[in-house]
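Take a look at the structure below.
All chains are named by letter (A, B, ...) in the order of the sequence lines, taking the proteins before the strands, and each is independently numbered beginning at 1. The structure displayed is predicted, hence computed values, not measured ones.
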Amino acid sequence: MRVSRLLLVTLRDDPAEAEIPSHKLLLRGGYIRRISSGIYAYLPLLWRVLQKISTIVRQEMDATGALETLLPQLQPADLWERSGRWAGYTAGEGIMFHLTDRQGRELGLGPTHEEVITALAADLLRSYRQLPVNLYQIQTKFRDEIRPRFGLMRGREFIMKDAYSFHADEDCLRQTYAAMDGAYRRIFQRCGLRAVAVEADSGAIGGSASQEFMVTAEAGEDLILTSADGRYAANQERAVSRPSVALPLAAAPRAGGVGDRLSTPGQTTIEQLCSAHGFDPSQLVKVLLLLARFADGQFQPLLISLRGDQQLNDVKLANAVSARLSGAHGALLSIDPLTADLVRSERLPLDLSEIPFGYLGPDLADQTLAPDPSHRSDTAGVAPPTTPAVQLTRSFLRLSDATAAELEAFVCGANAADHHRVGASWAGLGLQPESLDLRAAQSGDRCLHDPDQCLQAARGIEVGHIFQLGRKYSEAMEARFTNESGVDEPLWMGCYGIGVSRLAQAAVEQHHDADGICWPVAIAPFAVIVVIANTQEAIQVELAESLYAELTAAGLDVLLDDRTERAGVKFKDADLIGIPWRVVVGRGAAAAQVELVRRAGREKLELAASDVRATLEAEIGREIAGATLVA
RNA sequence: CGGGGCGUGGCGCAGCUUGGUAGCGCGGGUGCUUUGGGAGCACUAGGUCGCAGGUUCGAAUCCUGUCGCCCCGACCA
């Protein structure tokens, strides 16, 4: 391809809309253009990158025996109603674009394909003899993201490889999951990315085990925690660690007591309490008052106890709450602090004026949630307005993190303004807390697998995620097969995603310098750019043309910069768009000498034009092989 | 949705406080010179100042509304 024909439009200044390096460089290099928020045109250069990534993905997926397919993006609502996800994905904060067709049928634009594939599996799969099977596709996904961000990093329309496997039993699912783990490692390796596999929360997709693949980069949206020995890595949402040892309370209290009352006026925070009375935060139990909302309209107040020096992990909390109540009330929609503002905006029949915020203890009585009498008289005898009746549970769901539950004696609020209790115990308060893990693991915490190892924090861009779904969808959608004994049972499922367009940008985020992109050769739009330093010199043009023809004939992806620009312009553009190898045909052309420059390291080599092809083939071959073999 | 910021030729910005000729750099076109790290000179095209109201003799500038975009939070490949 000739640069003069490439529609190469590069920008000298950083566009105002871009914040992070990869986004700026993709815009400046003429790789993408924004059409609307979170919606991008992939220009010819980027399309070549995406095709190269897709090819690698295909090769590795095919090598595991997976079958490529292509599923519809327009999906009927009833499929999603059968899985129980239509409401959650379309209402409120739901991310599915949806529409009504001319017949009044509801359709959604596919954000993911569990429903479609499971319906297909129910149709096609009948016998254990057909199993296992793994179907994948590479296509555009649509998600009405709450906040699109950073160009291709979080778009409302993006390219994804998604795969879905079906199995006769859980053991077989585990094998395919492991095979996908291997394939993913090879894919990212071959794309030239430094990626780490981390334990993950399975989120809205559901299911049991799941693992994310993170490209480490400052601009990453996720926080990951890893141990230096490489044996543990997890998303912070999921990460576990050893809490520090709590300091015992100095004045040993009576065993099983409720503690001594302590006057603490105005001391509503952990810091104030500790500095006023010399407590250590680990001697305190802090109590959070929250409100969970469910798909069926039910509200459930939560009373969460944590040791004073620990932070709540809201993903762990959401999982714990879902596990207890989603069976009865459907999906957990949100958990928010229970405040006067929330009561007002949700029109809850609650009066929080008696709740002593800042002085809560784990034994706060359910009666504090009694309905507000004034509210009752307001609405007595009046037909309720258009809003449906609020369903509110009038007792707390009480959950305690293990660090709090294990304290023998602690300081906590007295459930009365301006007072705390010192030396309280769970038995004394009449509570028997379950020991849950609700706390956020943090950088510096000691690891479970080895107390000598500490967790380190890094930021990451999630480029892949693999799940063992189990039978969640096959049960909901009645995708069943006949097993060896002739008995019908639901299929076991796994699903496996790679954000292809996100991966392209993540590669830029990881491979760039002050002058532009430094693509790994495996996914670069072109491997080589031949630059004619001065197009007025016929001898340079002639040599460059013959090199271009030779390299192209050798099967390399070659760009010929034949523009009549000055050399400096062409060098700047070549650096910006990040072609891994540059061949400069300039002053040495008369002697058939050219210069070979590696983009990433700037190494230069003067060599005979006749040696260029062999040198490039060796260098590129070495890089590709290196990326393939290391595993 | 809550909080913060921005909309002025294709791109990056100034002008707005204190109302009165719409400007700068880059980019585009033509010509000449230059030709190994974003060249120089000359000429030239291109803007209803996001949109709609209002105030005013007069609005890019002041007021109101609205749309769009970006950043911080809940979501995720």
Taking only side-chain nitrogens and oxygens of [X], does any of them come within less than 4.0 Å of OP1 or OP2 of [N]?
X	N	result
Arg147(A)	C70(B)	no
Ser36(A)	C69(B)	yes
Arg566(A)	G40(B)	no
Ser37(A)	C70(B)	yes

Atom pair distance, as rounded to whole Å: [atom1] in [X] and [atom2] in [N]:
X	N	atom1	atom2	result
Gln536(A)	A39(B)	CD	P	15 Å
Arg149(A)	A74(B)	CZ	P	8 Å
Asp515(A)	G37(B)	CG	C1'	9 Å
Arg156(A)	A77(B)	CZ	P	18 Å
Asn534(A)	G37(B)	CG	P	12 Å
Lys24(A)	G12(B)	NZ	C1'	12 Å
Met214(A)	C76(B)	CE	P	12 Å
Asp314(A)	A74(B)	CG	C1'	9 Å

Of the options [options], whose atoms approach the side-chain atoms of [X] most closely?
X	options	result
Val569(A)	C11(B), C70(B), G38(B)	G38(B)
Phe150(A)	C13(B), C76(B), C72(B)	C72(B)
Arg143(A)	U35(B), C76(B), C71(B)	C76(B)
Leu576(A)	C75(B), G38(B), A77(B)	G38(B)
Lys572(A)	C75(B), G37(B), C69(B)	G37(B)

Are Leu290(A) and Leu338(A) side-chain neighbours, meaning at least one heavy-atom pair lies under 4.5 Å? no

No-hydrogen, no-angle side-chain donor-acceptor test under 3.5 Å, Asn134(A) and Tyr136(A): no

Taking atom types as modelled and ignoring hydrogens, do the side chains of His113(A) and Gln139(A) form a donor-acceptor contact shorter than 3.5 angstrom? yes

Would you say the base of A77(B) stacks on Phe158(A) (centre-to-centre below 5.5 Å, plane angle below 30°)? yes

Phe571(A) six-ring face occupied by Arg582(A) cation (under 6.0 Å, within 45°): yes

Arg143(A) to Phe158(A) six-membered ring, cation-pi geometry met (6.0 Å, 45°): no

Has the side chain of [X] got a donor or acceptor atom sitting under 3.5 Å from an opposite partner on the base of [N]?
X	N	answer
Arg154(A)	C75(B)	yes
Asp575(A)	G37(B)	yes
Asp573(A)	G38(B)	yes
Asp13(A)	C13(B)	no

Let's go through Glu237(A) and Asn313(A) carefully: what are the C-alpha distance in whole Å and the side-chain angles of both, what is the deciding distance for side chain to side chain donor-acceptor pair (under 3.5 Å) to 0.1 Å, and is it a yes or a no? CA-CA 7 Å; Glu237(A) 295 175 350; Asn313(A) 176 322; over 6 Å; no

Could you identify the nucleotide paired to G68(B), looking across every strand shown and requiring Watson-Crick or G-U wobble geometry with both distances under 3.5 Å? C6(B)

C62(B) pairs with which nucleotide, Watson-Crick or G-U wobble, both distances below 3.5 Å? G54(B)

On the 0 to 90° scale, with breaks at 30° and 60°, tag the Phe97(A)-Phe142(A) ring pair as parallel, tilted or perpendicular. perpendicular

Where does the angle between the aromatic ring planes of Phe467(A) and His465(A) fall among parallel (under 30°), tilted (30 to 60°) and perpendicular (over 60°)? parallel

Give me syn or anti for U21(B), where syn covers glycosidic angles within 90 degrees of 0. syn

Assess whether a salt bridge exists between Arg599(A) and Asp513(A), defined as any Lys/Arg side-chain N lying under 4.0 Å from an Asp/Glu carboxylate O. yes

At 4.0 Å (heavy atoms only), tell me whether Arg33(A) reaches a base, stays on the sugar-phosphate, or touches nothing. nothing

Each nucleotide N or O in nucleotides 27-33 of chain B that has a protein N or O under 3.5 Å away: list the pair and distance.
from, atom 1, to, atom 2, distance (Å)
G27(B), OP1, Arg12(A), NH2, 3.2

